[in-house]
There are 2 protein chains.
Amino acid sequence: MKAIMNEQRKKRLRNDALSCRIMDAEEAAKLICDGMVVGVSGFTPSGYPKAVPMAVAESAMKKKPEERPKLTLYTGASTGSELDGAWAKADIVKRRFPYQTNDALRERINRGEIAYADMHLSLFAQYVNFGYMPKIDVAIVEALAITEDGGIVPTSGLGNTPAFVRNADKVIVEINLLKPLSMEGMADIYAPTNPPSREPIPILRPNDRIGLPYIACGPEKIAAVVFTEMQDDSRLLSKPGEKELAISRHIIRFLEGEVEAKRMDRNLLPLQSGVGNVANAIFSGLADSDFDGLTCYTEVVQDSMLDLLRSGKVIMASTTAISPSPEMLPRFEAEMNFFRDKIILRPQEISNNPETARRLGVIAMNTAIEADIYGNVNSTHIMGSRIMNGIGGSGDFARNAALTIFCTLSTAKDGKISSIVPMVSHVDHTEHDVMVLVTEQGYADLRGLSPRERASCIIENCAHPAYREKLFDYFRRAAESTGGQTPHLLDEALSWHSRYMRTGSMLPA
Amino acid sequence: MKAIMNEQRKKRLRNDALSCRIMDAEEAAKLICDGMVVGVSGFTPSGYPKAVPMAVAESAMKKKPEERPKLTLYTGASTGSELDGAWAKADIVKRRFPYQTNDALRERINRGEIAYADMHLSLFAQYVNFGYMPKIDVAIVEALAITEDGGIVPTSGLGNTPAFVRNADKVIVEINLLKPLSMEGMADIYAPTNPPSREPIPILRPNDRIGLPYIACGPEKIAAVVFTEMQDDSRLLSKPGEKELAISRHIIRFLEGEVEAKRMDRNLLPLQSGVGNVANAIFSGLADSDFDGLTCYTEVVQDSMLDLLRSGKVIMASTTAISPSPEMLPRFEAEMNFFRDKIILRPQEISNNPETARRLGVIAMNTAIEADIYGNVNSTHIMGSRIMNGIGGSGDFARNAALTIFCTLSTAKDGKISSIVPMVSHVDHTEHDVMVLVTEQGYADLRGLSPRERASCIIENCAHPAYREKLFDYFRRAAESTGGQTPHLLDEALSWHSRYMRTGSMLPA
């Protein structure tokens, strides 16, 4: 057994000189000290380091709260409970960028204990490369393998790893033996230079490979190599409900209209979709559509996209992460030889880049928490103040896509919250960036409409019947008494949210 | 006199077959009929057609209101009183896109009589090319000349002219004999194809020329040629006041800090600035700075930029329009041989393109109407409902720039309005897109700050002293009672605006 392990480790650690840097997670964790800036691999609970972060948290928990290290954590997007969860609970995160989904972390962010800034995911690597953010001391990176030259072969979630490795003083590599080596070759690492010498990103089609299958690093920078065998903390996806499937049907109906109007072909344009159950449901609906030869230029590949690839409906997917559910994982890994040629893993500054999104003409489909009658979208905040997750890549794609679609269920909390409101309590996507709004009620095509026209269109097609007349009433009174391009009653604009906070329902008592 | 005219006309109309299409403006105006979609040349009162639009308005005014044509008008950005003003007053505009600044037009838009949609300027040509907007019946285009092949040589404001000419059924050309033929060669026309076959825009530096000096059209499409001699309805610029100069000094101080921190060189990165007095003041301050070898990648060149080019401080400017004030115009035209090599006029889908803005690493400096304590910016609406002008190109640049700066005076209406408010009444640029906020009070560098940190930074550095303590009071109470990532008191968030509307001042009585 030991001999096999050694053989396997040799295949993974191909630079002999680095064998002296092999250590256990506890030892490597000692490289992380108070005040440090730590950058990690991974994107959307996929491909993030686990063993070393857990050891950092465990070591901190042995100390009194005031003696624990205070760290700044840079990620690609969300990570799992072993990192975001454990570090938050150990109260060792002082600052955190640029996206998160963890409950324990969110709680502390909303209490103002952790300074969190929610940023466009394509921009964060640039912030680091430009020196806008404090410099990275240590990068912790999950890898399939380390090459002869000290190159890092990433696993399933690439995110900002190339930029973090480039900018870090030291790199800790977790070689995860549970991640199949057959995944090697999926990654395509291309690093844009900084202005004024930046060149065009040479991607003309979603399947263009433009870089290397590993992250150039060099053995000198690698301070520790830790072998691990841990699965990502991925989430179960719920089976799409009737309402989510209705949203998917409305989107397909809208896209069929685009094909009929000869604005695109039956193979559409490259698809992008956000993360989570609604996003997964949108893609699952495509399986039964008449579209085919589809491509994908997105930030995360979930179960339904893997199904679409397997069925041939989608011929290839460009992404920065693959995040299969625990149910899907064994099938995904068993069929790696099939998937390896169909998926390209890119750094998120490329997967989400405005340049490529605009050039390829992406169809961006993202979820909203709420939208207002004029088409402004809130993707991040509950009742204006409390953050949920973050804007993620939605802004990268929405602003630059050929078609920008936002989806939400028309109500939340058993109908006590209307997702269509007079004025959103926080704006992440402005009226200028929202072309189509979809709920289970229907879709509103807002292209070329004035704000007043948008209001009628959204209320009629997207609002839940229980709120429709109340929204029309607000709009009519605002148009009559205030008037203007975007009529509002400022004393009332946010009163639906206030009422909910006071009474637990947006509906009048 | 007649002979000279003919000689001059020959130099301008180089396709002999088109001489039969020469007509007066009244005759050409008859090509514009009820229900038509009209696309016009020009950008920021520069290079728009004048004689034919005036004839259209005059002919309409002779009819009863209910018998006048109802037209949809597409432009590059704002036009002058001969078009936007005259058409609005004649009540013949039914729909208007994507930007405007005219009083008569604005009044009708705010009354809901004209359907106006305010759009990112880089996107409108794409909306037309994709077939998202109703098809253009007639394009009316101001030109320096028509080439032998029926190519249109544009004047000083390019805007969306190439896309409108391409998509129109017929083209009316106004050859403006007052615009000097020595301007020929400034324009660089490059038209991106639609996805999925779109290629990288081959601009690597602001001074790269990538296209033709005229708009390909062909004589068949040209339905009328009208000779005119009319100046653009350009505005006088006020001499920068003390407060505007203070804003300029703060920006320069901030940029000097970037150079000291080695985040950029002394020749900075390509500069972009919006339209109007504050924008003009920002650039005028650069004349006395230590920066040199500057370049510009912007949407409009105003007086101060022409001065900077003349002095050699700025070595070249890429733009879609040149809009000299009436005072500057004679000098600009007299020195055309100097300026012709230093200025490139691009279609606005190129001058404002996210791809080039991100690649070149533009420094975007745009003006705000108001900003809130968390860094959200309102560029378009007065008290949430009434539109002022439009978002223009600010979103194109702000989202994609290497540095995004927004400026506003800290108060308006003699101090009765604070431009820093608890919550903006309309959002055009979200917290994610605003790096630096500047008022005459100082600048707030928001990069890498959480919303709560941003609030302190903005209130301290940017708010007017008369409002500073009131803003801190709001922020503290919101943080204590509501908490969250972005603490707000929803019942109070817009109360400053409500108070102003009720009492004429944001200050309590």
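The sequence lines fix the lettering, A, B, ..., with proteins before strands; numbering per chain opens at 1.
Looking only at heavy-atom pairs under 4.5 Å with chain B, the residue among A/G484, A/G448, A/A478 that has the most is A/G484. Considering only heavy-atom pairs separated by less than 4.5 Å from chain A, the leading option among B/I391, B/L489, B/I114 is B/I391. Taking chain B as the reference chain and counting heavy-atom pairs below 4.5 Å, the highest number among A/E453, A/M264, A/M133, A/M119 is found for A/E453. Per-residue heavy-atom pair counts under 4.5 Å with chain B were compared for A/R359, A/K262, A/R447, and the maximum is reached by A/R359. When each of B/R106, B/H432, B/R111 is checked for heavy-atom pairs under 4.5 Å with chain A, B/H432 comes out on top. Ranked by non-hydrogen atom pairs under 4.5 Å with chain A, the options B/D265, B/D433, B/D445 are led by B/D433. Ranked by non-hydrogen atom pairs under 4.5 Å with chain B, the options A/M383, A/M435, A/H429 are led by A/M435.
In summary, the side chains of B/S425 and A/H488 do not present any donor paired with an acceptor at a separation below 3.5 Å, with no hydrogens or angles considered. For B/D428 and A/T430, the side-chain atoms include no donor-acceptor pair closer than 3.5 Å. In this model, no donor atom of one side chain and acceptor atom of the other lie less than 3.5 Å apart for B/H426 and A/N376. A donor and an acceptor atom, one from each side chain of A/T482 and B/R386, are nowhere located under 3.5 Å apart.
Separation of atoms NE2 (B/H497) and CG (A/D491) is listed at 12.0 Å; rounding is to 0.5 Å. Distance check: A/I109 CD1 to B/Q485 CD gives 6.5 Å after rounding to the nearest 0.5 Å. The CZ atom of A/R358 sits 9.0 Å away from atom CD of B/E355, with the distance rounded to the nearest 0.5 Å.
In this structure, the portion of B/R95 lying under 4.5 Å from any heavy atom of chain A is its side chain and not its backbone. Contacts between B/Y127 and chain A at a heavy-atom distance below 4.5 Å involve the side chain alone, from C-beta outward. Neither the backbone nor the side chain of B/I382 has a heavy atom closer than 4.5 Å to any heavy atom of chain A. For chain B, the nearby parts of A/L449 are the backbone and the side chain; heavy atoms of each come within less than 4.5 Å. When heavy atoms are compared at a cutoff of 4.5 Å, A/F97 approaches chain B solely by way of its side chain, counted from C-beta outward. Heavy atoms closer than 4.5 Å to chain B are found nowhere in A/R205, neither backbone nor side chain. For A/L403, the parts lying under 4.5 angstrom from a heavy atom of chain B are both the backbone and the side chain. Contact of A/R452 with chain B is made through the side chain alone, with heavy-atom distances under 4.5 Å. Within the 4.5 angstrom heavy-atom criterion, atoms from both the backbone and the side chain of A/S122 approach chain B. When heavy atoms are compared at a cutoff of 4.5 Å, B/P487 approaches chain A solely by way of its backbone atoms N, CA, C and O. Using a 4.5 Å cut-off between heavy atoms, B/L123 touches chain A through backbone and side chain atoms alike. Of the two parts of A/L204, the backbone and the side chain both hold a non-hydrogen atom closer than 4.5 Å to a non-hydrogen atom of chain B. For B/I387, the parts lying under 4.5 angstrom from a heavy atom of chain A are both the backbone and the side chain.
Shown here for A/G483 and B/S385, the closest heavy-atom pair between the two residues is O-CB, 3.5 Å. Heavy atoms only, all atoms of each residue included: B/P200 and A/P200 are closest at CB-CB, 3.9 Å. The shortest non-hydrogen separation linking A/Y132 to B/A402 is OH-O, 2.7 Å. The minimum heavy-atom distance linking A/P195 with B/G361 is given by the pair CG-CA, 3.6 Å. Pairing each heavy atom of A/R399 with each of B/D396, the nearest pair is NH1-N, 4.2 Å. Contact record, B/M423 with A/L494: SD-CD1, 3.7 Å, taken as the closest heavy-atom pair.
The side chain to side chain contact (heavy atoms under 4.5 Å, CB included) with B/P196 is formed by just one residue from the set A/L268, A/L269, A/L360; it is A/L269.
Inter-residue side-chain proximity for A/L490 and B/S498 is flagged as met; some heavy-atom pair is nearer than 4.5 Å.
With sequence neighbours left out, the side-chain hydrogen bond (donor to acceptor under 3.5 Å, both in side chains) criterion links B/R263 to B/E258.
Note on residues 194-203 of chain B: pairs passing side chain to side chain donor-acceptor pair (under 3.5 Å), not counting sequence neighbours, are B/Q126-B/R198.
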